[in-house]
Protein chains: 2
Amino acid sequence: MLAIGTLAKRTGTKVQTIRYYEQIGLMPEPGRTDGGQRRYGDAELDRLAFIRHARQLGFSLEAIRELLDLSDMPDRSCAQVDAIAQKQLREVEARLVRLEALRIELQRMIGACNADRVADCRILEVLRDHEECLADHAATG
Amino acid sequence: MLAIGTLAKRTGTKVQTIRYYEQIGLMPEPGRTDGGQRRYGDAELDRLAFIRHARQLGFSLEAIRELLDLSDMPDRSCAQVDAIAQKQLREVEARLVRLEALRIELQRMIGACNADRVADCRILEVLRDHEECLADHAATG
DNA sequence: GCTTGAAGCTACAGCGGCTGTAGATCGTAT
DNA sequence: ATACGATCTACAGCCGCTGTAGCTTCAAGC
Ligand SMILES: [Zn+2]
Ligand SMILES: [Zn+2]
Ligand SMILES: [Zn+2]
Ligand SMILES: [Zn+2]
């Protein structure tokens with residue numbers, strides 16, 4: 001049986017985060033010592049490791065909740081699991097496109113500035129006037 | 001003189017957001033009608049347009065605050081402005097690297113799944129065991 | 001058994017950047 | 001004069017934690 005701090009270390013999670021997951025029903029209420037301290041077993045360790053790994057891959061807590069629910073139904077088709085992962089991939093790709101456009105625009109701004117007085121700074125000029133931009137971030141974001 | 005709703009439309013901002021910017025001191029307290037409604041002039045319009053454009057380029061409100069302060073000192077060197085933009089670029093690049101690694105990992109997961117039963121789903125297996133991953137998102141994230 | 005100090009407990013506030021709501025008041029066109 | 005949309009204040013909620021205050025409990029050393 002693991003104390004919450006040990007569980008935290010083993011999974012690379014903060015203690016408060018574990019309690020937060022419990023509060024929102026993502027982690028189950030664990031057993032307690034007579035004194036009221038939480039004690040965890042291997043099932044909880046696995047579950048938390050799953051959650052943390054999914055978080056590292058960018059899944060939202062809501063998506064993770066669905067994935068955990070689904071993984072309790074081993075005989076079902078995994079189509080729904082795959083759909084969740086596909087959706088996540090599409091979101092990541094969309095963010096990549098947007099970030100890449102941002103990168104280009106920032107690079108252009110910075111490249112245009114000849115590091116003179118604020119009054120003539122090209123960076124500030126671009127920020128003041130979107131007409132100077134190539135990308136259409138107004139629509140994208 | 002513009003009412004807040006008109007200012008909102010002209011800059012693509014929500015009315016509440018403008019009031020929020022005022023609350024945190026990013027927008028100045030505007031003049032008011034006898035009845036207490038806010039009225040804005042061109043200076044405020046320009047300032048809000050600047051803020052929104054910088055937001056679209058991913059700058060934090062804190063960075064924008066600095067940029068606005070700096071642009072009130074036209075005779076200074078713009079080195080500090082450039083530094084803020086450089087920092088923003090570096091952050092965008094870092095996020096790009098991280099997101100790209102995520103994209104690869106997600107694609108790999110999804111590609112490995114042969115859409116069978118949940119019990120055999122490769123996506124869930126990868127989520128359960130980071131050893132199956134190539135990327136080191138544990139450290140990056 | 002006793003002391004100590006780390007680790008645990010609850011409850012709540014705060015982060016960034018908004019967004020939404022309720023219920024009252026204001027402005028303006030007819 | 002009336003109607004109706006726009007605006008007002010104040011506050012709660014979103015996500016995913018993180019930090020704090022002020023306690024109590026646990027485990028190791030003596
Ligand atoms: Zn410059
Ligand atoms: Zn632009
Ligand atoms: Zn699958
Ligand atoms: Zn992994």
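Lettering of chains follows the sequences in order, A, B, ..., and the numbering in each one begins at 1.
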Spacing between A:Leu61 atom CG and D:dG13 atom P, to the nearest angstrom:
18 Å
Backbone N or O of A:Val126 within a donor-acceptor pair of the B:His53 side chain at under 3.5 Å?
yes
Measure from CD1 on B:Ile51 to P on C:dG17 and round the result to the nearest Å.
12 Å
When the distance from CZ of A:Arg32 to C1' of D:dT24 is rounded to whole Å, what number comes out?
13 Å
Figure out the CG/P separation between A:Asp34 and D:dC26, and round it to whole Å.
7 Å
Using modelled atom types and a 3.5 Å cut-off, is there a donor and acceptor pairing between side-chain atoms of A:Thr17 and backbone atoms of A:Thr13?
no
Rounded to whole angstrom units, what separation is found between the CG atom of A:Leu7 and the P atom of C:dG8?
10 Å
In whole Å, what is the span from the NZ atom of B:Lys14 to the C1' atom of C:dT21?
13 Å
Within residues 15-30 of chain B, the residues having a heavy atom closer than 4.0 Å to DNA chain C are B:Gln16, B:Thr17, B:Tyr20, B:Tyr21
Rounded to the Å, how far apart are B:Glu62 CD and C:dG17 P?
9 Å
Do A:Ile64 and A:Met73 belong to the same hydrophobic cluster, where Ile, Leu, Val, Met, Phe, Trp and Tyr are linked whenever their side-chain heavy atoms lie under 4.5 Å apart, directly or via other members?
yes
Position toward the 5' end of DNA chain D (nearest nucleotide), A:Arg52 or B:Thr6:
B:Thr6
Is the distance from OP1 or OP2 of C:dG8 to the nearest side-chain N or O of A:Arg38 less than 4.0 Å?
no
Whole angstrom value for the distance that separates P of D:dC23 from CD of A:Gln37
18 Å
